[in-house]
Each structure stands twice: as C-alpha cells, then as structure tokens.
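One structure is given here, and the rest of the page talks about it.
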Amino acid sequence: MELDPWASDRIKDYTRLRDQFGLGTLAPDATGLPEGSLFRRSIVFAHRGWEPFGRALADGKPTALMTGLMPSGKMHLGHKMLLDQVIAYQRLGTDVFIAVADLEAAATRDLPLDECRDFAVAEYLQHYVALGLVPCQFYFQSERVQVLRLAHQLSHRVNWSKLEALYGFSGSTSLAHATAPLVQAGDILHPQLAEFGGPRPTLVPVGVDQDPHLRLTRDLVAAVRKVRCRQAKDGRIGAFATAGDGTAKLLKDAGKLCAKLGFKKQELKVDYGALYLDDAHPADVEHIDAALAYVDASHGGFGFMAPSSSYHRLMLGLTGGKMSSSEPDSAIFLADSPKEAQRKVKRAQTTGGAAVEEHRKTGGRPLECPVFELYAYHLMDDDSKLKKIHDGCADGSWFCGDCKALAGDLLGGFLEGHQSRLAEADTAGFVV
Ligand code: TRP
C-alpha cells in the first residue's frame, strides 16, 4: 500500500494501513481525546505520537492544533469531518491554526493565488463559522513569512532521495510541487515559534493520506534539535546532544530537567554527547523528548516538539470511489439544496441485494456503504439507533430504499439548519 497526499484512492483496509505505516491505534478512551461520535466510533482511528498532546490537553496545559485546506473545490461532508474535530478541540481550549494551502494548490492544481484567496474566505471560512468555529489563526501560506522562512531553514535538512522515497517524486516533478511538503512542515511547526506561542504540543488532525508530511516533519524536528531523547541502537535510552562546545552545559541542563521528571539514574558521557537515563522505559521517550524541547530552546535551538497527529478515515463517495469535489455526484456539498442532496443519496451505490428477496437473504455490508457512513459520520449521534440501522442492513430486514429515504430526510434537515446559519455567519473576527 502507498499513501499519496495528492492522489489518494479509496482505502480498503485501514487496519493493514495502520500496521504497515506503524501508526498507533487511537482508542476512544485515549487520554485527552474529546467527546463526540467521530472519536467514540473510531472514525478518527489512528495517530502518530498522540501522547504528549493528549497528556497536555488532559492536564489543562497549553496546546496548539494545526491543520490546513487546499482551496481547490467546494466544501463537502468529507471536509466537514475535519472541522467537527477542530471545533471539538477549540472548545477544550486548544489554540487553533488553519492554513489555507494556496501555495500548494497553485503548485499542484494550477490555481491562481488570488482565486484561492477569495474562494477560501467565501467558501471555506463561511462554512467553518456556520459549523461553530470561533476566531482563530486562519492564514494563507503565501502571506505568512514565518512559515516560508521556516520552510527554507528546514529545507537544509532534506535531500532529493528523501522526497523520492516519501512521495515518489521523480525527475519530472516541478520544484513548486517539491516545495509543498516543506511549506507544510513550516505550517505545522510555526505555532511553536516564540511569536506564535512558543514550544507546546501540537496536534495535526488530517486525513490519513497526509501521513507522509507528518513523517517528514517529525524527522525534521529530530534533525534540527540540539538535544533530543531517543533509544540508542544498544537499547539504552538517553538524551543525546549535538551542540559542539555547548554540549556539556546543555546535557547538564537536560539532566536537571530529567531528574525533575523522575529519571534519576543518569550517566553523563559528554564525549558521546549522551546523558543516559537508565530508569527510563521506551514508553517514556516521547514524553521526555517533548520536555527537552524547552532545554533545546534555551540553548538557541528552535525548541520544537515533534507534532502529534491523528488520522480520520476518508469518506466514501456516493458513486463508489472516494468523496471528491471533482466528482459532484460523489459528494454532498454543504451548499447543496436539500433536494439536490436527496437526489444524490437516492442514486447512491449501496451494498444491499438488488431485489427484495435477494436482500432478505444476503443483507448489505453497512461498513462498506456510503449511505451508512452518512449516518455514522454526520447524521446520527445516538449509538443505539445507529446500531439498529447497522444490524437491520446486515441481516437484510432494513432495505436500501428506506435507508436512503431516512438518510435523505436527516440530511435535508441538517443542510437547512446549516444554510440558515451560513446566511448569518460572520467572519469579521478572523484576521484575513
Ligand atoms: N496538504 C493539505 C491538504 O492537501 C493542506 C495543508 C497545508 C495542511 N498545510 C497543512 C494540513 C498543515 C495539515 C497541516 O489538504
């Protein structure tokens, strides 16, 4: 399996994907996870490095959230899923940053920057506000010099082989496209610059197709850190520093901090640039590493903590593939009239039997059905009602026609409410 952020396909086996890429399982009872059906139902199903963010959130410590959008097509229910998460974290007090990936859209979709700008505000931001987002940092990649500067600074640590391996870039990839991952790394890390709030655990909630960007960014954090915690090849855990003449002083400060965290069995080997922590366990590494960001910052480093990321499933399209703005019948747009949305649902490709008798015998496969996803992801918060639909579909007693009619009704109700909030949506509090 491969993950291509610019050409993701329908994903059939999320468990395999999670295992193949070494993602963690984001269980509904994970520390710090907000309430809400997307989390409870494991639609947000995996993570990379959740622990420092989840712990800080649960402890009421400062946290940031960073995500982005490509303003390339109209906003649909797949996009809404991300916003539902962002809003849930914002309500818990997380500092929210949203990048309009206008440079990425220009580079990979050939869209003019000024069109991206107008569209992002007129379409996305309006819907975000109608969904409940309150003022936060909503900015354009092309206009935030700190992001661009960071992208350039980080680019020193990336060579072409790495981009080839991560993204399958080749000799024909344009430099604009090749720059997109670096700008995204700049997006992800800039909330931790002093002027944007300083080092703090940052969550990047995204579709799982974005994971290559997170792997790149985490590697970059490791590369620019003057001190970090890791497990060495010989199995020993320690703080390792590369700070030239400053190494001894830096490791001394790291030692003090680690002692405060409860790791007291320390052995300092300045020659190796190492402070071994012999009472630390592999499960402690992520947490210690996050804390060492402050020591890094106080010794002239960027002080970046590795970002935490969470991944949601990509919604199925109504016409079979994935939900995509480039295929209007595959998607329910937030601006679709209830009637239009109902028409699309009626024609959706479901998994039930073609004829009544056949359906009674074989039933459908709700977990592979785009209409069932409408309920599970957006329309039905009540788990016991959802279970009834699921079981009725699977055992053949609940028919696709009825199921679509009910989904269409609920969807119509949602769209009506949303669109009346849209008419009132006030984006004045956002500085754009
Ligand atoms: N690449 C993302 C997309 O295609 C958009 C994006 C830009 C983003 N910068 C980001 C996502 C930072 C998360 C974090 O949708």
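As the structure lists them, so they are numbered: ligands from 1, and atoms in each ligand from 1.
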For atom 9 (N) of ligand 1, the closest protein heavy atom turns out to be Asp187 OD2, 2.8 Å

For Pro71 and Ala101 the tightest heavy-atom approach is CD-O, 3.7 Å

TODO: State whether the shortest distance between N or O atoms of His213 and N or O atoms of ligand 1 falls below 3.5 angstrom.
DONE: no

Only one of Val100, Asp187, Asp102, Val431 passes side-chain contact (heavy atoms from CB on, under 4.5 Å) with Tyr139, and that residue is Asp187

- Verify whether one side chain among Arg144 and Gln137 offers a donor that lies under 3.5 Å from an acceptor in the other. yes

One finds that the ligand 1 atoms under 4.0 Å from a non-hydrogen atom of Met66 are 12 (C)

the protein heavy atom lying closest to atom 11 (C) of ligand 1 turns out to be Gly68 N, 3.3 Å

If we number the atoms of ligand 1 from 1 as shown, the ones under 4.0 Å from a heavy atom of Gln210 are 1 (N), 2 (C), 3 (C), 4 (O)

Stepwise side chain to side chain contact (heavy atoms under 4.5 Å, CB included) check, Thr350 with Cys403:
CA-CA 10 Å; Thr350 54; Cys403 190; over 6 Å; no

ask   = Any idea how Tyr167 and His213 line up, ring-wise: parallel (<30°), tilted (30 to 60°), or perpendicular (>60°)?
value = tilted

Worksheet item: Is the backbone N or O of Leu316 less than 3.5 Å from a side-chain atom of Glu373, with the two atoms forming a donor-acceptor pair by type?
Response: yes

Per-atom filter on ligand 1: closer than 4.0 angstrom to a heavy atom of Val206 are 11 (C), 13 (C)

In ligand 1, the atoms that come under 4.0 Å of a heavy atom of Gln141 are 7 (C), 9 (N)

